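Some notes on the structure that comes next.
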Amino acid sequence: MKKTWFVALFVLVFFSGFVSPGSGHEGPEKLPGRSIAAERLPDTVRRFIVRHFVNPHQFTYRSDRSFYYVCDEAGGYYLFSGDGAIRGFRFRMRQPSRQILDLLPGAAVAHIREFYPGYFFGAFLPEGEGFRAELFGEDDRTLRFDGEGRFMREE
């Protein structure tokens with residue numbers, strides 16, 4: 001009886017590492033865009049990185065048709081337009097610096113700071129003509145803002 005129990009436990013532990021996709025135990029979400037070398041970034045994005053980060057070599061870089069992504073080791077990223085303007089971010093393990101938040105639409109950041117003081121940013125991304133902010137704290141919140149950063153609704 002004990003031998004059967006140990007075998008069953010071993011099989012359970014061994015195969016628990018092989019979780020199939022879609023089972024609720026997903027790894028980090030796939031990063032957007034395709035990998036590019038730092039030299040392929042627009043000068044405006046490269047200047048931003050050098051100005052705001054101590055070690056630009058800590059990042060990997062990606063791009064798609066609309067944006068450039070500066071990705072960290074934890075699966076998060078900063079999102080830039082081709083002209084070097086920061087358009088948003090998605091993080092897993094840390095918060096953006098105050099300097100970065102100050103570059104986002106001021107009305108949206110002010111609204112979040114005033115009405116959601118105990119929450120942390122998970123993402124702030126362009127969506128349609130506006131922005132979507134994903135917050136986490138005592139519960140998760142998704143906020144929608146227009147293109148000027150004015151609050152529209154909470155979901």
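Just so it is clear, the structure is predicted and the values come from calculations on it, not from any experiment. The analysis underlying the following values was restricted to heavy atoms, covering all of them including side chains, and did not include hydrogens, waters or symmetry mates.
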Task: Parallel, tilted or perpendicular: rings of Tyr61 and Phe59 (30°, 60°) - done: tilted

Open item on the list: I'd like to know whether the aromatic ring centres of Tyr78 and Phe91 sit less than 6.0 Å apart in this structure.
Closed with: yes

Task: Arg40 and Ser63, any side-chain heavy atoms less than 4.5 Å apart - done: no

Open item on the list: For the NE2 atom of His57 and the CD1 atom of Ile49, what is their distance to the nearest 0.5 Å?
Closed with: 10.5 Å

Task: Minimum heavy-atom distance between Pro96 and Leu101, given as atom pair plus value - done: CG-CD2, 3.6 Å

- [ ] May I ask you to test the Phe67-Val45 pair for a side-chain heavy-atom distance under 4.5 Å?
- [x] no

Task: Rounded distance [0.5 Å steps], CD in Glu129 versus CG in Asp146 - done: 10.0 Å

Open item on the list: With a 4.5 Å cut-off on side-chain heavy atoms, are Arg153 and Phe145 touching?
Closed with: no

Task: Test item: Pro42 and Asp83 side chains (from C-beta on) under 4.5 Å apart, heavy atoms - done: no

Open item on the list: With a 4.5 Å cut-off on side-chain heavy atoms, are Phe131 and Pro105 touching?
Closed with: yes

- [ ] Over all heavy atoms of both residues, which pair between Leu79 and Pro126 is shortest? Give the atoms and the distance, please.
- [x] CD2-CD, 3.2 Å

Open item on the list: Under 3.5 Å, is there a donor on one side chain and an acceptor on the other for Arg132 and Thr142?
Closed with: no

Task: Side-chain heavy-atom pair Thr60, Glu73 within 4.5 angstrom cut-off - done: no

TODO: Would you give the length of the straight line joining atom CD of Gln99 to atom CZ of Phe53, rounded to the nearest 0.5 angstrom?
DONE: 9.0 Å

Open item on the list: Does Arg141 form a salt bridge (charged side-chain N to carboxylate O under 4.0 Å, His left out) with Glu134? I'd like the steps, not just the answer.
Closed with: CA-CA 6 Å; Arg141 306 282 176 110; Glu134 297 172 9; over 6 Å; no

- [ ] Rounded to the nearest 0.5 Å, what's the gap from CZ on Arg87 to OG on Ser66? Could you check?
- [x] 10.0 Å

TODO: Can you tell me which residue pairs pass the salt bridge (charged side-chain N to carboxylate O under 4.0 Å, His left out) test with a partner in residues 45-70, sequence neighbours excluded?
DONE: Asp43-Arg46

Open item on the list: Nearest 0.5 Å, please: how far is CG in Leu135 from CG in Leu143?
Closed with: 4.5 Å

Open item on the list: Testing the basics here: between Ala133 and Ile112, what is the closest heavy-atom pair and its distance to 0.1 Å?
Closed with: CB-CD1, 3.8 Å

Task: Ile86 vs Ile100 side-chain heavy atoms within contact, under 4.5 Å - done: yes

Open item on the list: If you count heavy atoms of other groups shown closer than 6.0 angstrom to CZ of Phe136, is the number above 12?
Closed with: yes

Open item on the list: Using 0.5 Å steps for rounding, measure from the CZ atom of Phe120 to the CG atom of Asp140.
Closed with: 12.5 Å

Task: Residue list, ring-ring contact (aromatic ring centres under 6.0 Å, His included) with Tyr68, at least two apart or on another chain - done: none

TODO: Return the orientation label for the Phe80 and Phe48 ring planes: parallel under 30°, perpendicular over 60°, tilted otherwise.
DONE: perpendicular

TODO: May I ask you to check whether Tyr69 and Tyr77 place their ring centers less than 6.0 Å from one another?
DONE: yes

- [ ] Spell out, as yes or no, whether a donor-acceptor pair under 3.5 Å connects the side chain of Gln95 to the backbone of Phe121.
- [x] yes

